[in-house]
Amino acid sequence: METRSIRGFHDVLPEDAKRWHRVEETAKAVFELHGFSELRMPVLEFTEIFARSLGTTTDIVEKEMYTFADRDGSSLTLRPEGTAGVARSYIENSMWAKSPVTKIYYTGMMFRHERPQKGRYRGFYQIGAELLGPEEPASDAELISMVWNILEGTGITKYLTLEISSLGDGICRPQYKEKLVAFFAPERERLCEDCQRRLETNPLRILDCKVKGCSEIASRAPRMIDSLCADCASHFAEVREALDSAGVPYVVNPGIVRGLDYYTRTVFEITTGELGSQNAVAAGGRYDGLVEELGGPRTPAVGFAMGMERLILLHQAAFPEGFGREISVFIAHMGEEARKRAFRLASELRGLGISTEMEYGGKSLKSQLKRADKSGARLTLIIGEDEIRRGVVKVRDMDTGKEDETTEINPGLEIAGRLGGK
RNA sequence: GUGGGUGUAGCUCAGCUUGGUUAGAGCGCUAGGUUGUGGCCCUAGAGGUCGCGGGUUCAAGUCCCGUCACUCACCCCA
């Protein structure tokens, strides 16, 4: 057999885990500040949930989902994103009936069958949040500033740009789409092959085509934000005003397009130039029609998701010094009697809340100290025959190399005191 | 799905152009230099199906073909 992980899937190794914890804890702390609670969801849903939510012609649904038949023949899919599952749970658990405002965050692995590359995996972690119920621009602004605060808390905003736009609603977006098709139709022959296809499937996509000829034509095309209906226009203006007052730095980018069909009105992206062609670190927006589309009551909502692996890459760039593990105390010992005493002492210290490691076997003191050094221990306790006989424990400060002894028979508390005093 | 690059020690890589004895380095690991003392230094050691399969050749890590994987880019996205 081949001992390897599946293509596009990867391990987060122990030496990197601390960095992940740091980022996750920062996000959770900010969520709590805004009154969001965690929702833990299944990784599998009926395929229908995603097909209905994301739109049947989107890339994700058309070719990127891990879909398979359950034993009874029903079609299941490993979640490619989190929002659809939240919406399903919101409806299934009647959350709308419990409160006019529901604030949820989630974290976990998502699955998309794409070609892997830097910052892009088939199994990847996202952290996201959804604010369901309110329609008012203040809720868009709160969610966006919350995202920005998380990224600020992790110390990586120097790499980031926040871009916002509005996609309009069920009234003005179809009208705009027609305008756009009318604009591109005469230019059809000059568009690239993909865009000629997009003209039928998703004309908005032409706007962010990277082919030179297309982007040139697109730059003259009518813009969604100029075509918003009165309600959408004032909504967008109020979101911007609220962000201004919160001091969140953003730029309006009318070219933002969504790969998912459920978005309406406000959309935003947080991008970086540090990750090769994967420039999106977080993205989200308003989706006023989704809950209803899935069979729930009409429920406006805003949400976002960010890619953990991409966040981690930026965090590594910002803080390259490493986030290794650290321990307070290492216990080295020589001799059978000393080993038993070391084990008891380790238990005692851990009981006092002091992180402690010890040598298990009978290695030389030199090699034990080497291991102590690598463990990052601040103090190494040395117990040998001499110490046993005299009822003491030698204490070596690993920064200064200075040594002395505890005088007490039971040295745990004294050691705790020394660590606390430093 | 399409194109480029790369697969040699645990890790990062040299060697391939121009085929030729036992395939190297740095880091890491183990031990010694100190009867019980880490980091720096010195010495020694362990560790390799040269991705896999086939072909050419007296001879292949090196050349050719295939294949798989990784990677970057396109596409799309977090």
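Numbered from 1 within each chain, the chains take letters A, B, ... in sequence-line order.
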Paired nucleotide for [N] [Watson-Crick or G-U wobble; both distances under 3.5 Å]:
| N | answer |
| --- | --- |
| B:rC70 | B:rG5 |
| B:rA46 | none |
| B:rA59 | none |
| B:rA25 | B:rU12 |

Which part of the nucleic acid does [X] contact within heavy-atom distance under 4.0 Å: base, sugar-phosphate only, or nothing?
| X | result |
| --- | --- |
| A:E387 | base |
| A:Y125 | nothing |
| A:I382 | base |
| A:E64 | sugar-phosphate |
| A:K370 | sugar-phosphate |
| A:A372 | nothing |

Base of [N] paired with side chain of [X] (donor-acceptor, under 3.5 Å):
| X | N | value |
| --- | --- | --- |
| A:K394 | B:rU37 | yes |
| A:Q368 | B:rU37 | no |
| A:R396 | B:rG38 | yes |
| A:N279 | B:rC77 | yes |
| A:R120 | B:rC76 | yes |
| A:K374 | B:rG28 | no |

What nucleotide among [options] has an atom nearest to a side-chain atom of [X]?
| X | options | value |
| --- | --- | --- |
| A:K366 | B:rG39, B:rC72, B:rG33 | B:rG33 |
| A:S367 | B:rA31, B:rG36, B:rG3 | B:rA31 |
| A:K118 | B:rA73, B:rC76, B:rG32 | B:rA73 |
| A:L369 | B:rG38, B:rG36, B:rU71 | B:rG38 |
| A:F124 | B:rU71, B:rA78, B:rU37 | B:rA78 |
| A:R115 | B:rU71, B:rC75, B:rG36 | B:rU71 |
| A:D373 | B:rG39, B:rU37, B:rU71 | B:rG39 |
| A:Q117 | B:rC76, B:rC75, B:rG36 | B:rC75 |

**Request:** Using only heavy-atom distances, determine whether the side chains of A:R286 and A:S139 contain a donor-acceptor pair under 3.5 Å.
**Result:** yes

**Asked** Does a side chain donor of either A:D140 or A:H235 reach within less than 3.5 Å of an acceptor in the other side chain?
**Response**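 Short answer, yes.
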
**Request:** For a salt bridge (charged side-chain N to carboxylate O under 4.0 Å, His left out) with A:E405, tell me which candidate from A:R390, A:R396, A:K394 qualifies.
**Result:**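 The option that passes is A:R390.
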
Are any non-hydrogen side-chain atoms of [X] and [Y] less than 4.5 angstrom apart?
| X | Y | value |
| --- | --- | --- |
| A:Y125 | A:E309 | yes |
| A:R265 | A:V239 | no |
| A:Y90 | A:E130 | no |

Rounding to the closest angstrom, what is the interatomic distance between [N] and [M] at atom [atom1]?
| N | M | atom1 | result |
| --- | --- | --- | --- |
| B:rA31 | B:rA46 | P | 15 Å |
| B:rA59 | B:rC68 | P | 29 Å |
| B:rC63 | B:rC58 | C1' | 16 Å |
| B:rG28 | B:rC50 | P | 27 Å |
| B:rU62 | B:rA23 | C1' | 11 Å |
| B:rU49 | B:rG61 | C1' | 12 Å |
| B:rG38 | B:rG10 | P | 29 Å |
| B:rC70 | B:rC27 | C1' | 22 Å |

Atom [atom1] of [X] to atom [atom2] of [N]: distance rounded to whole Å?
| X | N | atom1 | atom2 | result |
| --- | --- | --- | --- | --- |
| A:L13 | B:rG28 | CG | C1' | 16 Å |
| A:I388 | B:rG36 | CD1 | C1' | 14 Å |
| A:F9 | B:rC70 | CZ | P | 12 Å |
| A:L313 | B:rA78 | CG | C1' | 12 Å |
| A:E337 | B:rG36 | CD | C1' | 17 Å |
| A:H113 | B:rC75 | NE2 | C1' | 15 Å |
| A:K363 | B:rG36 | NZ | C1' | 17 Å |
| A:E114 | B:rA78 | CD | C1' | 9 Å |

**Prompt:** Sub-3.5 Å donor-acceptor pair from the side chain of A:N93 to the main-chain atoms of A:S89, do we have one?
**Reply:**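 It does hold such a pair.
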
**Asked** Which sits closer to the 5' end of RNA chain B, A:R310 or A:G401, going by the nucleotide each is nearest to?
**Response** A:G401

**Message:** Pick the closest RNA chain B nucleotide for A:E385 and for A:M306 by heavy atoms, then say which residue is nearer the 5' end.
**Reply:**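 Looking at the nearest nucleotide for each, A:E385 comes out on the 5' side.
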
**Asked** From A:R378 CZ over to A:I327 CD1, what is the distance, rounded to the nearest 0.5 angstrom?
**Response**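 Spacing of CZ (A:R378) from CD1 (A:I327) equals 12.0 Å.
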
**Request:** Compute the ring centroids of A:F31 and A:Y105, then answer whether they are less than 6.0 Å apart.
**Result:**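 Under 6.0 Å, so yes.
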
